[in-house]
2 protein chains.
Amino acid sequence: MIFSKSCVYGLRAMIYLASISREGYVSIKGLSEKLDISFHFLTKILQELTGADLLESMKGPKGGVRLTKSGRCITLKEVVEAIDGPAIFTECVLGLPGCGSEKPCPMHDMWEGTRDEINEIFTTTSLQDMSKEGKAKDLRITPDGKFVWG
Amino acid sequence: MIFSKSCVYGLRAMIYLASISREGYVSIKGLSEKLDISFHFLTKILQELTGADLLESMKGPKGGVRLTKSGRCITLKEVVEAIDGPAIFTECVLGLPGCGSEKPCPMHDMWEGTRDEINEIFTTTSLQDMSKEGKAKDLRITPDGKFVWG
DNA sequence: TATATTTAAGATAAAATTGTCTTAAAACTT
DNA sequence: AAGTTTTAAGACAATTTTATCTTAAATATA
């Protein structure tokens with residue numbers, strides 16, 4: 001798995017949030033049911049995203065979470081970095097500490113181009129891009145179901 | 001981390017093995033010391049690679065492991081697949097079961113190209129390519145040290 | 001044949017990740 | 001103000017990954 005499960009759950013939730021109106025808050029309970037993710041686990045993940053200032057939250061009835069910015073302005077990279085950290089965009093395959101152009105490992109050059117491409121694509125793709133994609137093609141964002149919104 | 005620690009250890013060991021003569025067996029003890037990997041843990045990983053027919057092993061004095069084929073003929077993909085499985089070369093980012101062109105997720109199209117490129121590069125790069133790279137540039141394969149061989 | 005060496009295999013332990021549960025704090029509703 | 005709803009936070013448990021330890025089996029060597 002390229003990303004941790006937490007990260008995947010976070011991405012699914014964020015893409016969903018980008019697919020609906022940003023007016024008002026969305027309850028995590030409802031989110032967890034729609035996306036079929038454990039409520040408490042999802043809560044923790046979304047707390048990380050709140051801490052990273054990608055979500056804002058509100059307690060109490062009518063409370064929940066919502067994107068801080070338009071989904072158009074939030075990149076996939078921001079979400080991944082907030083949960084899994086920047087390693088996937090920066091590190092070499094052999095995981096040697098400080099591997100870089102100054103002190104490369106044998107696989108450095110071979111991997112560099114692909115890694116840069118991953119970085120590029122996650123930097124230039126927004127949550128809105130993904131939600132539009134899902135909506136337009138009616139793709140699924142849940143294990144069994146379809147892409148869900150509204 | 002794009003690959004598991006086991007997989008990274010396996011890659012380091014295989015690249016090292018490809019960098020030395022295939023005459024005779026290399027003891028896992030020696031390998032573990034050179035590469036700075038726990039002996040027992042490395043043993044288990046190499047057993048997987050033996051099971052996958054990428055290594056052959058011999059017990060007793062003068063025993064150890066060696067590549068079954070020339071490092072020129074073993075691809076990085078074979079090593080990764082033997083340890084981490086094929087997911088990285090086939091699966092989509094959102095980890096939805098059975099995601100593919102028939103039943104895609106919103107991130108499917110966006111990721112497909114990069115995933116194919118990863119598959120391509122790991123399929124066409126051999127252990128020998130990496131060992132040559134390391135030898136030629138005197139690159140490191142151990143956390144602190146240099147590329148080690150002989 | 002006896003002994004030493006080395007991988008194989010499986011039990012056990014430690015650490016990290018994933019998942020659950022409980023309580024507290026905040027905000028809305030009446 | 002009281003009660004309800006919801007996120008926040010942290011304790012706890014289960015699972016997976018990583019790492020260690022012990023014993024068995026195979027092989028070479030003397």
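Proteins get letters first, then strands, A, B, ... in listed order; numbering begins at 1 in each.
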- Task: Heavy atoms under 4.0 Å is the rule here; annotate nucleotides 13-24 of chain C 5' to 3' with B where the base is hit, S where only the sugar-phosphate is, and - elsewhere.
- Result: -----SBBBB--
- Closest approach of Glu56(B) and Thr68(B), non-hydrogen atoms and distance? N-CG2, 3.6 Å
- For DNA chain D, the residues among residues 85-96 of chain B that have a non-hydrogen atom under 4.0 Å from it: none
- Message: Please determine whether a side-chain nitrogen of the Lys or Arg among Glu48(B) and Lys44(B) lies less than 4.0 Å from a carboxylate oxygen of the Asp or Glu.
- Response: no
- For Asp53(B), which residues count as a salt bridge (Lys or Arg N to Asp or Glu O under 4.0 Å) partner, sequence neighbours excluded? none
- Task: Report whether Ile20(B) and Ile28(B) are members of the same hydrophobic cluster (ILVMFWY, side-chain heavy atoms less than 4.5 Å apart, transitive linking).
- Result: yes
- Task: Measure the distance from CD1 on Ile28(B) to P on dC21(D) and round it to the nearest whole Å.
- Result: 17 Å
- Message: In this structure, how many angstroms lie between the P atom of dA8(C) and the CD atom of Glu48(B), rounded?
- Response: 12 Å
- For the pair made of CG in Leu46(A) and P in dT7(D), what is the distance, rounded to whole Å? 9 Å
- Given atom NZ of Lys29(B) and atom C1' of dT6(C), what is their separation to the nearest angstrom? 11 Å
- Task: Would you mind telling me which residue lines up with the more 5' stretch of DNA chain C, Pro61(B) or Lys62(A), judged by nearest nucleotide?
- Result: Pro61(B)
- Message: From CG of Leu31(B) over to P of dT7(C), roughly how many Å is that when rounded to an integer?
- Response: 9 Å
- Query: Atom CD1 of Ile45(B) and atom C1' of dT7(C): how far apart are they, to the nearest Å?
  - Reply: 15 Å
- Interatomic spacing from NZ in Lys62(A) to OG in Ser27(A) - rounded to 0.5 Å: 11.0 Å
- Query: Quick one: CG on Leu54(B) to SG on Cys73(B), what's the gap to the nearest 0.5 Å?
  - Reply: 12.0 Å
- Is it true that the NZ or CZ of Lys77(B) lies under 6.0 Å from the centre of Phe89(B)'s six-membered ring and within 45 degrees of the ring axis? yes
- When every non-hydrogen atom of Asn119(B) is compared with those of Thr123(B), the smallest separation belongs to O-OG1, 2.6 Å
- Task: Take atom CG of Leu49(B) and atom P of dT7(C), then tell me their distance rounded to the nearest Å.
- Result: 14 Å
- Please give, in whole Å, the distance from dA19(D) C1' to Asp36(B) CG? 14 Å
- Query: Of the non-hydrogen atoms in Leu11(B) and Phe3(B), which two are nearest, and what is the gap between them?
  - Reply: CD1-CD1, 4.3 Å
- Any Ser57(B) side-chain nitrogen or oxygen under 4.0 Å from OP1 or OP2 of dA8(C): yes
